[in-house]
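Worksheet for the structure shown next.
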Amino acid sequence: MSTLPPPKETVKGNIKTITEYKIDEDGKKFKIIRTFKIETRKASKAVARRKNWKKFGNSEYDPPGPNVADTTVSDDVFMVFISSKEDLNAQDVEEDPMNKLKGQKIVSCRICKGDHWTTRCPYKDTLGPMQKELAEQLGLSTGDPTKTAGDEPEPAAPAAGSKTGKYVPPSLRDGSTRRGESMQPNRRGASDDNATIRVTNLSEDTRETDLQELFRPFGSISRIYLAKDKNTGQSKGFAFISFHRREDAARAIAGVSGFGYDHLILNVEWAKPSNN
DNA sequence: GTTGAGCGG
């Protein structure tokens, strides 16, 4: 039985030639030469340049192009980007149950449809009010459309200047001079989180007032949270201090970290946002 | 070694 020469693949300029030998059903030998024009794209310029590198080692005298005896040129591999629900729907999703989870959002922001709660939306202060205003202009905001004005006695004097009769929080009543009942600042939505530091290794009899005295010199403090056990009130030995200015917080870190306080050495760092 | 409490959908 005669052996066939191995297939050969050469590249000259932008012409690629593949030569292979075959035997057909009648035992006749065939030589097949195929030539291709290689399309050079901008993106693969670097690849084209590498093709001109001088060969070395055992391949030093090989002709240009890959040696099919020891090199396999694979098919093109196309990358598939799954970036949206639509893409998922377009393909068959069923085969992998994980695919379902990928496209499914746990939460969807009402403002920007992003992957976060509405309250955490980065546009909550800009886009949010705009959308709300727009909705009110279109008359979609409140109320029962079957109810017409004045067909029912008002139970109490409506707030001055309010025609809609909808709830107005105390902080916005009377020309907004009055503040809300609760002056307790809310951790949620705190905008000063980038000026919050965490103090650890506090002795357990440290109080908020102690912290206030300790950090007061670095700048005005917007909030102090001393972590305590909810039931026993026992301090957990760490606290969060929020400053109004981040520079003050930075100086507080530099100034107080390593500071001996009671019988312990304080550790002060930037606080991470507690939410996941 | 130790990162809060709360709101939803």
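Since the structure is predicted, the reported quantities are computational estimates derived from the model, not experimental observations. In what follows, every chain begins at residue 1, and chains take the letters A, B, ... in the order their sequences are listed.
Of the two residues near DNA chain B, I241(A) and H116(A), the one whose nearest nucleotide lies more 5' is I241(A).
N201(A) is linked by a side-chain contact (heavy atoms from CB on, under 4.5 Å) to L264(A), counting only residues two or more places apart in sequence or in another chain. Residues passing the ring-ring contact (aromatic ring centres under 6.0 Å, His included) test with Y225(A), sequence neighbours excluded: none. For Q131(A), the side-chain contact (heavy atoms from CB on, under 4.5 Å) test picks out I111(A), L127(A), with sequence neighbours left out. With sequence neighbours excluded, the residues that form a side-chain contact (heavy atoms from CB on, under 4.5 Å) with R246(A) are N194(A), A195(A), W270(A). Qualifying side-chain contact (heavy atoms from CB on, under 4.5 Å) partners for N267(A), counting only residues two or more places apart in sequence or in other chains: R198(A), T200(A), S257(A), E269(A). Applying the ring-ring contact (aromatic ring centres under 6.0 Å, His included) test to F218(A) and every residue at least two apart in sequence or in another chain returns nothing.
Of the candidates dG8(B), dT2(B), dG9(B), dG9(B) carries the atom nearest the R110(A) side chain, counting heavy atoms from C-beta on. In the set dG1(B), dG9(B), dG4(B), the nucleotide with an atom closest to the side chain of N201(A) is dG1(B). Considering only the side chain of T200(A), dT2(B) comes nearest among dT2(B), dG4(B), dG9(B). The side chain of V107(A) lies closest to dG9(B), out of dG9(B), dG8(B), dG4(B). Distances from the side chain of F240(A) to the nucleotides dG9(B), dG1(B), dG4(B) place dG4(B) closest. For T118(A), whose side chain is taken as the heavy atoms from C-beta onward, the closest listed nucleotide among dG4(B), dG8(B), dG9(B) is dG9(B).
Within the structure, salt bridge (Lys or Arg N to Asp or Glu O under 4.0 Å) contacts touching residues 227-241 of chain A (residues at least two apart or in different chains) are E208(A)-K228(A).
Taking every heavy atom of residues 251-265 of chain A and every atom of DNA chain B, no pair lies under 4.0 Å. Against DNA chain B, the stretch residues 225-234 of chain A makes heavy-atom approaches under 4.0 Å through Y225(A), K230(A).
Here D248(A) pairs with R251(A) in a salt bridge; the nearest charged N to carboxylate O distance falls below 4.0 Å.
Stacking here means ring centres nearer than 5.5 Å and ring planes tilted less than 30 degrees, and by that measure W117(A) does not stack onto dG9(B).
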